[in-house]
*Asks:* 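Have a look at this one before I ask anything.
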Amino acid sequence: MTESDLVRTRFAPSPSGHLHVGGARTALFCWAFARQQSGKFILRIEDTDQKRSSDAASLGFLEDLKWLGIEWDEGPEFEGCGGGDYGPYFSSQRLEIYRRYANQLIDAGLAYRAFESSEELDAARKVARASKQNYRYDRASLRLNDTTVQRFLDEGKPYVVRMKLPDVEAITFTDEVRGEQKAGIDELDDFVIVKADGWPTYHLAVVVDDEQMQVSHVLRGQEHLSNTFKHVMLQDALNFRRPVYAHASLIFNPDGSKMSKRDKDKALRLSVREQAVTASPTIPGSNTPAVKDEQWTWWLERKDRQLDLDTAESLATALGITLPEVNVDDYRRSGYLPDVLTNYLSLLGWSPGNDMEKFDLEFLKNNFSFDRIIKAPAKFDRTKLLAFNHDAIQAMDADAFSQLFADHVQTYHPEFAAKLSAEQILLLGRANHPRSKTLDDQVASSRFFIMDDDAIEYDTSVKAVRKALMNGEPNGYDFLEQMLPMLREIKSWNTETLETSLNEFAERNAEGKFGKVAQPLRIAVSGGTISPAIFDTLVILGRESTLRRMKRCLEQREVLNDV
RNA sequence: GCCCCCAUCGUCUAGUGGACCAGGACGCCGGGUUCUCAUCCCGGUAACAGGGGUUCGAAUCCCCUUGGGGGUACCA
């Protein structure tokens, strides 16, 4: 195998925030194919839009990819990934290279400078549109004579560089998933390859980078299918090798709308409109506005402006809504497992060809193929993802889960670590394991563990609470009263002894109906009707807190009786 | 408007001319188990978008219609 036969794939996102699930799937497929073919998987940052790029944003998805287990051989260096001999791997650091090729095209008469401003072009487009005409650039600048061009250049008149359509009837290329693709030359346009600021457009950058980085296979989303004609044209003009192309379909929201990073802002704007909010609402429990004044007006001015993630989160909290999960990081926060996400994502637009659904990265690596990429777009079903996550969590052993749970809580809910010992958190993880669908979904119902004993409230206006405490003869309070001395006497406070004595108690006093005993106890220690299994709950809480909470609960009974 | 892509249960999909009165998974509905919540178990529901061809035979091939999506940027 020679160097040029080596399979080299790349994932080339623009650095606008965290990695979204669509991008993750593309990266996953590129990675799987490269690994399968013993090739290289390259990560390249396509930051050719000065307005959109920022360093901080690009780091976010390095972390996301790494977390998913998608490791790149070449690209930005990050925790053992990246490096490589074909860099730099940021487009913004390759401007000289693009300029060289653009000049080469101009010199060869295959591209030319055009002096119209984007405002002029927009106006022309509008006119064409109004008369239902198809707009095409009229090549006015191509007809300029040399002296005029020279004069414009001397005057410093801004210009773009346009690719000159070749004198052929049609452009064709092969797509590995969709077959032969053909576009008549009159359906295309002299597209821009260098912007007025001297930066390349995506089309030029991508073609040059793919060539220089020896990319052999380009796997990307369907949104690039018609761009490929431009890319192929550039490759031919520059005498570049054409990579193999494969375009996967897009991933949509359940309502059919395109799943995009904008969805968060969209949800916020919708809520702002519905609630008729005029100034930024304040963060609950404080006077600070969720969005600073100047940012608020900036954001509302134009619909294409996006709030940064943290601000968006606090605005969502202030508005009382939850933001749609569209980024890999959102799912990480919500307690999804990376293996589950990659598994589920693989199934969106690809299938192994039998009834197999649960598989890992290794399987994907061994079985991935272009011809099994599904052509129809897929809707992202969060419910099914949840079900997958649930299955995966239940398939883990308790210790493994509890360790992950502890890590998760440490990162995303530090207030637990502040109140509970490492051992208690592990116990909590174990206790929550059977009832968890994600690493996060039982955190909210576990809050009572970190509350002060005196802060637990017994709200007898809640039907289930009232029923467990006050219904029947004897009622829940009576049981609590009887259990108190018994629990106080227990020598070793652990699951076994608690189980024995409470079961015995239920047998003797509640006709063996364990629920009659467990539920009042649960309410006494948690204030509510939801908790892990009662023995686990009591063990984690410890004897002192348990007894204190029981006493407080009974004290409230006195108050009720007095009324 | 123009160009392109796509079309199987609600959703993700299996299906590559006969093994399909269409299989799996998630959801949903009904029943059961359980100390709460969550589970778990059993049963059930549900699709080849429509219309023309081709063929002995079509979910599978062709055409049209309809519907969905992408592109049409000095965004990527």
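Small disclaimer: the values here were computed from a predicted structure and weren't measured. Sequence lines set the chain letters: A, B, ... in the order given, protein chains first and strands last, and positions in each chain run from 1.
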*Asks:* Using a heavy-atom cut-off of under 4.0 Å over every strand shown, decide if A/G353 touches base, sugar-phosphate, or nothing.
*Replies:*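 Result for A/G353 = sugar-phosphate.
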
*Asks:* Between the base of B/C35 and the side chain of A/R522, is there a donor and acceptor pair under 3.5 angstrom?
*Replies:*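 Between B/C35 and A/R522, which were checked side chain against base, a qualifying N/O pair under 3.5 Å is present.
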
*Asks:* Has A/R372 got a side-chain N or O lying under 4.0 Å from the OP1 or OP2 atom of B/G15?
*Replies:*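 Yes, because at least one side-chain N or O of A/R372 sits under 4.0 Å from OP1 or OP2 of B/G15.
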
*Asks:* By the 4.0 Å heavy-atom rule, please label A/H390 as base, sugar-phosphate, or nothing.
*Replies:*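 Sugar-phosphate contact only - A/H390 comes under 4.0 Å of backbone atoms but never of a base.
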
*Asks:* Any side-chain N or O of A/S226 less than 4.0 Å from the OP1 or OP2 oxygen of B/U72?
*Replies:*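 Result: no.
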
*Asks:* Check whether A/E507 reaches the backbone of A/K513 with its side chain - one donor and one acceptor, N or O, closer than 3.5 Å.
*Replies:*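 Side chain of A/E507 to backbone of A/K513: no pair is present.
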
*Asks:* Looking across every strand, which nucleic acid part, if any, lies under 4.0 Å from A/I534 by heavy atom: base, sugar-phosphate, or nothing?
*Replies:*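 The residue A/I534 makes base contact.
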
*Asks:* Nearest to the side chain of A/N227, which nucleotide is it out of B/A76, B/G24, B/C26?
*Replies:*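 Selected nucleotide (nearest to the side chain): B/A76.
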
*Asks:* Give the nucleotide from the list B/U13, B/C74, B/C35 with an atom nearest to the side chain of A/A378.
*Replies:*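 My answer, after comparing the listed nucleotides, is B/U13.
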
*Asks:* Any strand is fair game: report the nucleotide pairing with B/C74 by Watson-Crick or G-U wobble, both distances under 3.5 Å, or none.
*Replies:*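 None - no nucleotide pairs with B/C74, as no candidate has both distances under 3.5 Å.
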
*Asks:* Counting just side-chain N and O atoms, does A/K379 come under 4.0 Å of either OP1 or OP2 of B/G68?
*Replies:*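 Indeed not, no polar side-chain atom of A/K379 lies that close.
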
*Asks:* Just call it for A/V192: base, sugar-phosphate, or nothing, with non-hydrogen atoms closer than 4.0 Å on any strand.
*Replies:*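 Result for A/V192 = sugar-phosphate.
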
*Asks:* How would you label the contact of A/A533 with the nucleic acid (heavy atoms, under 4.0 Å): base, sugar-phosphate, or nothing?
*Replies:*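 The residue A/A533 makes base contact.
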
*Asks:* Base, sugar-phosphate, or nothing for A/F252, non-hydrogen atoms under 4.0 angstrom?
*Replies:*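 Since only primed, P, OP1 and OP2 atoms lie under 4.0 Å of A/F252, the category is sugar-phosphate.
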
*Asks:* Under 4.0 Å, heavy atoms only, any strand: does A/S436 hit a base, just the sugar-phosphate, or nothing?
*Replies:*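 Counting heavy atoms under 4.0 Å across all strands, no contact is made by A/S436.
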
*Asks:* Using a cut-off of 4.0 Å on non-hydrogen atoms, how would the nucleic acid contact of A/T383 be classed: base, sugar-phosphate, or nothing?
*Replies:*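 Counting heavy atoms under 4.0 Å across all strands, the contact made by A/T383 is with sugar-phosphate only.
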
*Asks:* Look at the side chain of A/N134 and decide which nucleotide, out of B/A76, B/C2, B/C35, has an atom nearest to it.
*Replies:*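 For the A/N134 side chain, the nearest candidate turns out to be B/C2.
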
*Asks:* Under a 4.0 Å threshold between the charged nitrogen and the carboxylate oxygen, would A/R430 count as salt-bridged to A/D536?
*Replies:*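 No, A/D536 and A/R430 are not salt-bridged.
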
*Asks:* Using the C1' atom as the point on both nucleotides, what is the distance between B/U8 and B/C4, in whole Å?
*Replies:*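 Per the computed distance, 24 Å lies between those C1' atoms.
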
*Asks:* Quick one: the side chain of A/E223 and the base of B/G71, do they pair up donor-acceptor inside 3.5 Å?
*Replies:*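 Looking at the base of B/G71, it does not pair with any donor or acceptor on the side chain of A/E223 (distance under 3.5 Å).
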
*Asks:* Over all strands shown, is A/I374 touching base, sugar-phosphate only, or nothing at heavy-atom distances under 4.0 angstrom?
*Replies:*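 Result for A/I374 = sugar-phosphate.
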
*Asks:* Given side chains that start at C-beta, do those of A/L225 and A/F173 come closer than 4.5 Å, heavy atoms only?
*Replies:*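 In short, these two side chains touch, coming nearer than 4.5 Å.
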
*Asks:* On RNA chain B, nearest-nucleotide positions of A/S249 versus A/R435: which is more 5'?
*Replies:*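 Comparing both residues, the 5'-ward one is A/S249.
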
*Asks:* Checking contacts here: which listed nucleotide (B/G24, B/C12, B/C4) is nearest the side-chain heavy atoms of A/L225?
*Replies:*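 Selected nucleotide (nearest to the side chain): B/C4.
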
*Asks:* Can you tell me, in whole Å, how much space there is between the C1' of B/C12 and that of B/G27?
*Replies:*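 Result for the C1' pair: 11 Å, nearest Å.
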
*Asks:* Using a strict 4.0 Å threshold on nitrogen-to-oxygen distance, state whether A/D186 and A/R136 make a salt bridge.
*Replies:*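 Not counted as a salt bridge, because no side-chain N and carboxylate O are separated by less than 4.0 Å.
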
*Asks:* Measure from the side-chain heavy atoms of A/Q181 and tell me the nearest of B/C5, B/C6, B/C35.
*Replies:*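 Side chain of A/Q181 sits closest to B/C5.
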
*Asks:* May I ask you to verify if any side-chain N or O of A/R125 is less than 4.0 angstrom from the OP1 or OP2 atom of B/U72?
*Replies:*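 For A/R125, the contact criterion (side-chain N or O under 4.0 Å from OP1 or OP2 of B/U72) is not met.
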
*Asks:* With rounding to whole Å, what would you report as the distance between B/U60 and B/G70 at their C1' atoms?
*Replies:*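 Taking atom C1' in both B/U60 and B/G70, they lie 26 Å apart.
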
*Asks:* Looking at B/A59, which nucleotide sits across from it as a Watson-Crick or G-U wobble partner, both distances under 3.5 angstrom, or is there none?
*Replies:*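 When the pairing criteria are applied, nothing turns out to pair with B/A59, so the answer is none.
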
*Asks:* So that I know where these two stand, are A/F514 and A/F535 an aromatic pair - ring centroids less than 6.0 Å apart?
*Replies:*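 Under 6.0 Å, so yes.
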
*Asks:* In whole angstrom, give me the gap between the C1' atoms of B/U54 and B/C61.
*Replies:*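 That atom pair is separated by 8 Å.
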
*Asks:* Phosphate oxygens OP1/OP2 of B/G27: is one of them under 4.0 Å from a side-chain N or O of A/R382?
*Replies:*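 Checking B/G27 against A/R382, no side-chain N or O comes under 4.0 Å of OP1 or OP2.
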
*Asks:* Side chain of A/S351: nearest nucleotide among B/C35, B/A14, B/C74?
*Replies:*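 In terms of side-chain proximity for A/S351, the closest of B/C35, B/A14, B/C74 is B/A14.
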
*Asks:* Counting only side-chain heavy atoms from C-beta out, which of B/G24, B/U16, B/C3 sits nearest to A/E187?
*Replies:*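 Closest nucleotide to the A/E187 side chain: B/C3.
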
*Asks:* Is there a Watson-Crick or G-U wobble partner for B/G43 with both distances under 3.5 Å, and which nucleotide is it?
*Replies:*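 Partner of B/G43: B/C29.
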
*Asks:* Quick one: closest heavy-atom pair of A/S351 and A/R372, and the distance?
*Replies:*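 Scanning both residues completely, I find the closest heavy atoms to be O-NE, 2.8 Å.
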
*Asks:* Reckon A/T529 touches a base, only the sugar-phosphate, or nothing at all at heavy-atom distances under 4.0 Å?
*Replies:*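 Contact class for A/T529: base.
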
*Asks:* Mind checking A/E116 for me? I need base, sugar-phosphate or nothing, with any heavy atom below 4.0 Å counting as a touch.
*Replies:*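 Since a base atom lies under 4.0 Å of A/E116, the category is base.
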
*Asks:* Given B/C12, B/C26, B/U36, which nucleotide is nearest the side-chain atoms of A/A387?
*Replies:*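 So the side chain of A/A387 is nearest to B/C26.
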
*Asks:* Under 4.0 Å between any heavy atoms, over every strand shown, what does A/P532 touch: base, sugar-phosphate, or nothing? Just pick one.
*Replies:*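 Answer is base: heavy atoms of A/P532 come under 4.0 Å of a base.
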
*Asks:* Assign the ring pair A/Y344 / A/F388 to parallel, tilted or perpendicular, where the plane angle (0 to 90°) is split at 30° and 60°.
*Replies:*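 Ring orientation of A/Y344 relative to A/F388: perpendicular.
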
*Asks:* Nearest to the side chain of A/R162 - B/C6, B/C26, B/C74?
*Replies:*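 Nearest nucleotide to the side chain: B/C74.
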
*Asks:* Using a cut-off of 4.0 Å on non-hydrogen atoms, how would the nucleic acid contact of A/G349 be classed: base, sugar-phosphate, or nothing?
*Replies:*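 Result for A/G349 = sugar-phosphate.
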
*Asks:* If you take the centroid of each ring, where Trp contributes its six-membered ring, are A/F29 and A/F370 closer together than 6.0 Å?
*Replies:*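 They do not qualify: ring centres at least 6.0 Å apart.
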
*Asks:* Rounding to the closest angstrom, what is the interatomic distance between B/G30 and B/U45 at atom C1'?
*Replies:*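 Each nucleotide's C1' atom is 10 Å from the other's.
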
*Asks:* Whether A/K375 contacts B/U16 is assessed here as follows: a side-chain N or O lying under 4.0 Å from the phosphate OP1 or OP2. Is that the case?
*Replies:*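 No, because none of the side-chain N or O atoms of A/K375 sits under 4.0 Å from OP1 or OP2 of B/U16.
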
*Asks:* Between B/A25, B/C6, B/A76, which nucleotide gets closest to the side-chain atoms of A/K384?
*Replies:*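 When the side chain of A/K384 is considered, B/A25 is the closest of B/A25, B/C6, B/A76.
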
*Asks:* Judged by each residue's nearest nucleotide on RNA chain B, which is more toward the 5′ side, A/I530 or A/A114?
*Replies:*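 This one resolves to A/I530.
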
